[in-house]
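Worksheet: the structure to be examined is printed underneath.
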Amino acid sequence: MDLNSLQENKYKNEDIILAKIAKALAHTERIVIIKCLLKTDGCICGEIVKSPLISQVTVFQHLKILKEAGLIEVTIDPPKIRYYLNKENYAKAKPV
């Protein structure tokens with residue numbers, strides 16, 4: 001039995017989800033990206049990269065982590081990729 005299976009048996013599913021979300025939000029640049037997405041109905045990477053403090057490569061890495069945590073969703077309309085905040089999962093970041 002691996003560690004993930006042991007954790008899933010030991011902890012409630014919502015606690016595991018909250019831990020993944022918390023880990024994804026534990027970086028200042030990812031918080032900035034979330035704030036950007038909160039202000040819009042979605043944006044492309046180029047709109048997020050407008051900040052001179054974050055490079056495009058770094059934004060892509062952060063978007064990947066946020067997507068894996070379920071905090072953002074993606075739609076592809078070539079050549080653009082649009083990122084949206086998953087408001088239902090974002091609400092889980094505020095535990096009772």
Side-chain angles (χ1 to χ4, degrees):
M1 181 178 281
D2 66 3
L3 182 59
N4 288 335
S5 298
L6 182 62
Q7 286 180 337
E8 288 175 13
N9 291 329
K10 184 177 179 181
Y11 301 110
K12 294 180 183 176
N13 192 44
E14 61 265 17
D15 294 337
I16 294 169
I17 292 169
L18 179 59
K20 288 179 184 179
I21 290 171
K23 184 176 180 181
L25 291 174
H27 195 288
T28 307
E29 290 176 354
R30 291 195 284 269
I31 297 293
V32 171
I33 292 169
I34 291 291
K35 284 183 175 183
C36 176
L37 293 174
L38 279 168
K39 296 176 188 176
T40 67
D41 288 330
C43 45
I44 59 173
C45 184
E47 295 168 336
I48 298 169
V49 175
K50 286 182 182 177
S51 167
L53 303 174
I54 308 174
S55 72
Q56 186 170 0
V57 172
T58 302
V59 169
F60 278 124
Q61 292 170 345
H62 289 309
L63 289 170
K64 179 183 177 198
I65 291 166
L66 292 168
K67 183 175 182 279
E68 289 171 353
L71 288 168
I72 62 171
E73 297 177 359
V74 178
T75 59
I76 300 172
D77 185 19
K80 297 181 180 179
I81 301 172
R82 186 163 292 275
Y83 299 90
Y84 301 88
L85 184 67
N86 181 321
K87 292 180 182 177
E88 181 180 332
N89 285 344
Y90 180 69
K92 294 176 185 176
K94 303 173 187 177
V96 178

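In this chain, numbering begins with 1 at the start of the sequence shown.
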Take L63 and Y83, measure what side chain to side chain contact (heavy atoms under 4.5 Å, CB included) needs, and give me the verdict at the end. CA-CA 8 Å; L63 289 170; Y83 299 90; 3.5 Å; yes

| Stepwise, does the side chain to side chain contact (heavy atoms under 4.5 Å, CB included) test hold for T58 with E29? | CA-CA 9 Å; T58 302; E29 290 176 354; 3.1 Å; yes

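In plain terms, the two heavy atoms of C43 and L37 that are nearest each other are SG-CD2, 3.4 Å. L25 approaches I31 most closely through the heavy-atom pair O-CD1, 3.3 Å. Between I21 and K92, the shortest heavy-atom contact is CD1-CB, 4.0 Å.
Residues satisfying the side-chain contact (heavy atoms from CB on, under 4.5 Å) criterion with N86, sequence neighbours excluded, are E73, E88, N89. Under the side-chain contact (heavy atoms from CB on, under 4.5 Å) criterion, A24 pairs with I65, L66, A69, L71, sequence neighbours left out.
Annotation: side chain of K12 is not in contact with side chain of I16 (no heavy-atom distance under 4.5 Å).
Placement of L38 and V74 within a single hydrophobic cluster is found when ILVMFWY residues are connected by side-chain heavy-atom separations under 4.5 Å, directly or transitively. If you chain together hydrophobic residues whose side chains sit under 4.5 Å apart, V32 and Y84 never meet in one group. Connection of I72 to V57 is not established within any shared hydrophobic cluster, with ILVMFWY side chains joined at heavy-atom distances below 4.5 Å, either directly or through further cluster members.
Judged as a side-chain hydrogen bond (donor to acceptor under 3.5 Å, both in side chains), the pairs with a partner in residues 30-42 (not counting sequence neighbours) are, in order, R30-H62.
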